[in-house]
Each structure stands twice: as C-alpha cells, then as structure tokens.
Amino acid sequence: LHGTYDYPHESPRTIVANGTATAPVYIRGASASAKPLIRRGWEVKGNYIILENLEFGPDGQANTGFLVFLSPINHAALRHSHLHGNLDSGGVGVGSWDGALNQNVVIWDNNIHDNGDVNATFDQDVMGIHVGTRVSNLWVVDNQLYRNSGDGIQINAGSPGAINTTHHIYVGRNTAYSNKQTGFWVKHATDVIFSQNVCHSHRLGNSSNGQCMGFQYAPNYIWFLFNNISNSDYGIAAQSDDDGVGTESSFIGNVIHNIYPSRGNNDPGNAWAGGPIKVAGS
C-alpha cells in the first residue's frame with residue numbers, strides 16, 4: 001500500500017483474511033520510513049494476517065484511521081505501525097461483537113498516541129488499545145502508548161459474567177505515559193500479566209485519580225511483574241471490587257518511585273489516598 005488511502009473498511013466492507021500458517025495474508029507499507037497514510041477505519045477478521053509498516057491517522061476532525069481486530073480471528077499481527085487519531089476517535093481495538101472468538105493476536109512495536117482529546121472535560125474513553133470480550137492469547141509487546149484520552153491499554157470483557165471470556169493476555173516491555181486516565185488497566189478479565197513495562201506521568205484529572213497501572217471490578221489472576229513506575233499520583237492501584245468475582249493478584253519485583261499527589265489526596269488515614277501500591281479493593 002502506498003500514498004494516502006481513504007477507503008473505509010468497516011461493515012459491510014470488513015477485510016476478511018483467508019490465510020494459513022504457511023501462506024499468511026500481508027497488508028503492508030513499503031518500509032518503516034515509507035508508511036502509507038490510512039485515514040478511515042478498518043475492521044479485520046479471518047485467519048493468519050499480518051499488518052505492518054502502516055500509519056493510521058486523521059483526515060481533519062471529520063474522519064480518522066483506526067484498526068479493529070474483530071472476531072472471528074485466529075493468528076493476526078500488527079507490527080511496526082503508527083496509529084494516531086483525531087479529537088474524537090482512533091487507536092486499536094481487539095474484540096468480539098458476534099459471540100465468536102478472537103485469539104492468538106500479537107500487537108508488537110507500534111507507536112499509538114493522541115487518540116481522542118486528552119484535554120476533554122468529560123470521561124471520553126478513547127483508548128490507545130482496547131481489549132474487549134472473548135479475547136485470548138493476546139501479546140502486547142514493545143509499544144509506545146501516550147496522550148490517549150482513555151487508558152494506554154484497557155482490558156475489559158464488559159461484565160462480571162464475562163470475566164473468563166477474556167483471558168491469557170501478556171502485556172510486556174511497553175512504555176506508557178501522559179494518558180488522560182492510566183497507562184495499563186484491567187476491568188473484567190482473567191490471567192493478565194503486566195511485565196517489564198515502563199509507566200510514568202499519569203495525574204489526577206476529571207476521569208482518573210492518576211494511577212499508572214492497576215485494576216477495578218475484581219478481575220482474577222492479575223500479575224504485576226518487574227515494572228518501572230514513576231511520577232504519578234499512584235503506582236499500582238486496586239480499586240473497587242463492585243460486583244466482581246476475582247480474588248487473586250500478585251505484585252512482584254516492581255520499582256515504584258517519585259509517587260506524590262497532584263493535590264490533596266495523600267491523607268494516610270484515607271484508604272483511597274495516593275501511594276506506590278494502593279489496595280482498596282481485591
């Protein structure tokens with residue numbers, strides 16, 4: 001793909017890949033320095049597809065490029081690409097809208113930033129990466145996630161009853177900073193690992209308490225391993241369980257430093273006050 005590409009691939013024009021392990025489908029730009037600019041949304045489903053050296057970006061405020069890996073999908077990769085949206089939309093989605101499975105997906109070495117409006121006066125929720133229901137065996141590795149109006153990445157099956165449909169997700173060696181909400185966050189999911197990520201500069205605002213990473217609604221088997229976390233109101237935060245069913249989480253080998261309040265939320269008598277590791281729920 002070369003130049004500027006303005007043809008939308010949302011339903012009913014969804015891209016369907018019929019690749020195999022020995023003959024995958026490729027959609028690619030010429031090189032890392034010669035990326036085509038895609039200015040409309042893409043939905044991709046199917047088997048064995050690799051997207052690489054692509055740029056998804058805005059066409060003014062009216063339209064923007066974004067990417068959704070949509071079920072049914074099995075074996076897909078996004079790599080060496082650049083995704084930045086407009087003030088309303090953008091980013092990457094991985095999920096299921098039809099009850100089918102979304103599995104064996106890799107998101108590796110991408111620059112994902114400025115999707116939505118980080119200065120919005122409301123809780124806009126445009127994520128850098130949003131992981132939804134019925135997703136399993138997802139690897140998110142070596143990406144840059146910054147200035148998104150939601151979280152850098154949010155993993156959320158959508159309800160306590162769906163907690164076991166989104167599972168076995170590995171988020172490693174990514175860097176997240178200056179997102180409007182948090183860098184790395186889980187709501188409803190099972191078996192999620194955050195490992196060796198760098199996270200900094202998340203601050204109290206109108207849609208976040210300034211956590212670098214953490215969870216709410218009691219997901220199950222969440223691991224925080226060897227992350228480097230700094231310059232935020234909270235390091236790792238376990239928020240309200242709120243009808244959740246999960247009980248297990250582990251915090252091992254993290255380096256958490258320069259955690260201090262933006263304003264007035266450091267009362268040591270308050271269970272919700274800022275701190276390196278805050279466990280109000282779970």
Side-chain angles (χ1 to χ4, degrees), residues 69 75-81 91-92 94-95 102-113 127-132 135-146 148 150-157 163-179 181-202 210-232 234-239 246-259 275-279 281-282:
F69 283 122
H75 290 88
L78 172 68
R79 63 193 188 192
H80 317 318
S81 294
V92 180
V94 185
N102 193 320
Q103 53 193 348
N104 302 311
V105 174
V106 174
I107 300 174
W108 170 44
D109 184 35
N110 302 286
N111 191 354
I112 304 171
H113 67 94
M127 312 300 173
I129 302 172
H130 181 266
V131 181
V135 177
S136 62
N137 298 312
L138 169 68
W139 295 71
V140 179
V141 184
D142 295 327
N143 300 283
Q144 302 288 316
L145 309 166
Y146 56 97
N148 299 289
D151 303 306
I153 179 171
Q154 183 182 113
I155 302 163
N156 182 17
I163 185 174
N164 292 322
T165 72
T166 296
H167 60 90
H168 290 91
I169 296 168
Y170 181 86
V171 182
R173 299 198 311 257
N174 303 279
T175 298
Y177 60 91
S178 300
N179 296 288
Q181 296 186 15
T182 76
F184 305 89
W185 201 253
V186 182
K187 290 187 175 178
H188 298 107
T190 300
D191 291 299
V192 177
I193 295 173
F194 295 108
S195 176
Q196 295 176 286
N197 299 286
V198 175
C199 188
H200 62 86
S201 306
H202 291 91
Q211 311 95 324
C212 240
M213 57 177 64
F215 59 82
Q216 67 192 106
Y217 306 148
N220 209 18
Y221 300 112
I222 311 302
W223 297 77
F224 298 90
L225 307 175
F226 310 110
N227 300 286
N228 190 299
I229 301 167
S230 64
N231 293 299
S232 300
Y234 299 79
I236 304 173
Q239 303 283 83
T247 58
E248 301 286 342
S249 54
S250 299
F251 309 81
I252 300 170
N254 300 285
V255 176
I256 307 173
H257 55 104
N258 289 4
I259 301 299
I277 300 177
K278 185 203 73 168
V279 185
S282 189

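Along the sequence shown, residues carry numbers from 1. Fair warning: this is a prediction, and the values are worked out from it, not measured in the lab.
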At what distance, to the nearest 0.5 angstrom, does [atom1] of [X] lie from [atom2] of [Y]?
{"X": "Ile277", "Y": "Phe224", "atom1": "CD1", "atom2": "CZ", "answer": "9.5 Å"}
{"X": "Tyr221", "Y": "Thr190", "atom1": "OH", "atom2": "OG1", "answer": "9.0 Å"}
{"X": "Lys278", "Y": "Ile259", "atom1": "NZ", "atom2": "CD1", "answer": "13.0 Å"}
{"X": "Ser230", "Y": "His257", "atom1": "OG", "atom2": "NE2", "answer": "4.0 Å"}
{"X": "Ile107", "Y": "Ile112", "atom1": "CD1", "atom2": "CD1", "answer": "6.5 Å"}
{"X": "His200", "Y": "Asn258", "atom1": "NE2", "atom2": "CG", "answer": "11.5 Å"}

statement: The residue among Asn197, Asn110, Asp142 that forms side-chain hydrogen bond (donor to acceptor under 3.5 Å, both in side chains) with Asn174 is Asn197
task: Can you spot which of Thr182, Asp151, Asn179 makes a side-chain hydrogen bond (donor to acceptor under 3.5 Å, both in side chains) with His202?
output: Asn179
message: side chain to side chain donor-acceptor pair (under 3.5 Å) for Asn231 and Ser201? Distances and angles first, verdict last.
response: CA-CA 5 Å; Asn231 293 299; Ser201 306; 5.3 Å; no
Could you list the residues that satisfy ring pair (Phe, Tyr, Trp, His ring centres under 6.0 Å) with [X], not counting sequence neighbours?
{"X": "Phe69", "result": "none"}
{"X": "Tyr170", "result": "Trp139"}
{"X": "His130", "result": "none"}

Are [X] and [Y] side-chain neighbours, meaning at least one heavy-atom pair lies under 4.5 Å?
{"X": "Val255", "Y": "Ile229", "result": "no"}
{"X": "Phe194", "Y": "Ile222", "result": "yes"}
{"X": "Leu145", "Y": "Thr175", "result": "no"}
{"X": "Asn156", "Y": "Thr166", "result": "no"}
{"X": "Val92", "Y": "Leu78", "result": "yes"}
{"X": "Gln144", "Y": "His113", "result": "no"}
{"X": "Thr165", "Y": "His167", "result": "no"}
{"X": "Ile236", "Y": "Asn254", "result": "yes"}

message: Out of the candidates Val192, Val171, Val106, Ile169, only one should pair with Leu138 under the side chain to side chain contact (heavy atoms under 4.5 Å, CB included) rule; please name it.
response: Ile169
Let me have the donor-acceptor pairs involving side chains of residues 210-217, under 3.5 Å, with sequence neighbours excluded, atom names and distances please.
from	atom 1	to	atom 2	distance (Å)
Gln211	OE1	Ser208	OG	3.0
Gln211	OE1	Asn209	N	3.4
Gln216	OE1	Trp185	NE1	2.8

- prompt: Among all residues two or more places apart in sequence or in another chain, which pass the side chain to side chain contact (heavy atoms under 4.5 Å, CB included) test with Phe226?
  reply: Gln196, Ile252
task: State which residues pass side chain to side chain donor-acceptor pair (under 3.5 Å) with Asn111; sequence neighbours excluded, sorted by chain then number.
output: Tyr146
